[in-house]
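Worksheet: the structure to be examined is printed underneath.
From a predicted model like this one, the values you see are computed outputs, not experimental measurements. Remember, it's 1-based here, ligands and their atoms both numbered in the order they're listed.
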Amino acid sequence: MDLAGRRIVVGVCGGIAAYKAVEVARRLTQASAEVRVVMTRAATQFVGPLTFSTLTGHAVASDLFPEPAPAEIVHTSLGRWAELIVVAPATADLIAKYALGLADDVLSALLLATRATVVLAPAMHTEMWEHEATSRNAATLRARGVVFVRPATGALAGPDQGPGRLAESEDILAAVAAELSRRNDFAGRRVLVSAGGTREPIDPVRFIGNRSSGRMGHEVAAEAARRGATVTLVTGPTSLEAPPGAAVVRVETAADMRDAVLGAAEGADVVVMAAAVADWRPTDPASRKLQKGDGPPVITLEATEDILRALSARRHDGQVLVGFAAETEDVEGRARAKLETKAVDLVVGNLVGVDDSGFDAGTNRAVLVGRDERVDHLPLVSKRELAGAILDAVRDRFLA
Ligand code: CTP
């Protein structure tokens, strides 16, 4: 774990687990990271700021309006300075404030005033962690890219037991190291992503489409751009905004998508085909609107070209190809089969047809099946988290 010189803020909230933040700050300092500590007022009731300033060699910020006023505004200057902010423990109150964008103390103001990666390690009583308010706030933050180190199950403050205990410091450090390793790890790489469903015309007003929302592909494109890649996104019709930093090509039909993807693929180091491409299209779409009075039309279909197969047939040396397998059953088996038939490096098998996974859901249940015979079953994660895991797998397993 190489943290030397990395600029990390440790945020500490007021909870009994605040004493464990001392260990987190100490281990980061021992790993030669540049550490600054920001405490809420309540945190200073549990641990003295002197403990942290002695460990890190820097003053602790715990006041939004310190007297005398410092030369620099603390939350904005630290927000710009930090590469990563880890809050341990993160209380229900801090999570709620951050989800709402409140900024009435130095830590919550810092979180709003930064573009750094944010890692939260919650600690609270089980009832508070499992309260719908907290779980919704956590889901909001996850969807915005905030990383959570899940609390452990065990002894809580007082005689209580249950989920809500601050994660072990090794786990918090591992999450910090993993997030820092992602920053700019795709710099200099060209990533092509397809997203959304296609529309195959029946006549000028009707089409055959599918339920793809385009969210998964948009998340992969956005994540690759955040990680420094040059990104092209080829997308079927969707209501989503273009991901910041990606060049977007909008298409309608499978044939348009084929042309756009094959054209852009020549220069790409990585191609992620998240689009739900129509397998068939009407052979002979009507040039004028079909009239109801003419009776139900007979629509003859023909196969579209398989874009992934076409990509693998012409792939250049070192190009990494990723496909998806959206399935209602036997996700792993079908993903394995697609790995072979499409001759790609990685297939992301995901369950569709259930509320928390697949089309238009914010989360996904997925398995990553690789040409290297490795199979990773991921827990229920947000599409943004899944995008991160896919790029990690591409980086670690297939990019030189
Ligand atoms: N795909 C493609 N071109 C097509 C159809 C699919 O490139 N004409 C890609 C998708 O983008 C996805 C993968 O192939 O990455 C698997 O798509 P899927 O629809 O699950 O598989 P199909 O090949 O269509 O097979 P089946 O419908 O039998 O599951």
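- Remark: the R36 side chain and the T56 side chain contain no N/O donor-acceptor pair separated by less than 3.5 Å.
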Run the side chain to side chain donor-acceptor pair (under 3.5 Å) test on S32 and Q30 for me, step by step, so that the C-alpha distance in whole Å, both residues' side-chain angles and the decisive distance to 0.1 Å come before the verdict.
CA-CA 5 Å; S32 301; Q30 278 175 340; over 6 Å; no

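- Panel note: side chain Q319, backbone A268; a donor-acceptor pair is recorded below 3.5 Å.
- The shortest heavy-atom distance from E305 to ligand 1 is under 4.0 Å.
- Within the 4.0 Å heavy-atom criterion, both parts of L308, backbone and side chain, lie near ligand 1.
- K338 has no carboxylate O lying under 4.0 Å from a charged side-chain N of D306, or vice versa, which leaves the two without a salt bridge.
- Residue D306 touches ligand 1 through backbone and side chain together, judged by heavy-atom distances below 4.0 Å.
- Contact between A275 and ligand 1 is present, with at least one heavy atom of the residue lying under 4.0 Å from the ligand.
- The single protein non-hydrogen atom nearest to atom 5 (C) of ligand 1 is D279 OD1, 3.5 Å, given as residue, atom name and distance.
- Closest heavy-atom approach to atom 14 (O) of ligand 1 among the candidates K338, M273, K342: K342.
- Looking at A276 next to ligand 1, no N or O pair under 3.5 Å apart turns up.
- Within the structure, side-chain hydrogen bond (donor to acceptor under 3.5 Å, both in side chains) pairs that include any residue of residues 12-23 comprise E23-R26 (at least two apart or interchain).
- Closest to atom 4 (C) of ligand 1 among all protein heavy atoms lies V277 CB, 3.5 Å.
- Some N or O of F324 is nearer than 3.5 Å to an N or O of ligand 1, by distance alone.
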Begin with the C-alpha distance, continue with both residues' side-chain angles, and end with the deciding distance and a verdict on salt bridge (Lys or Arg N to Asp or Glu O under 4.0 Å) for E34 and R7.
CA-CA 5 Å; E34 279 280 325; R7 299 184 307 278; over 6 Å; no

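- Proximity of atom 27 (O) of ligand 1 to the protein is indicated by at least one non-hydrogen atom lying closer than 4.0 angstrom.
- For R41, the side-chain hydrogen bond (donor to acceptor under 3.5 Å, both in side chains) partners are D63, not counting sequence neighbours.
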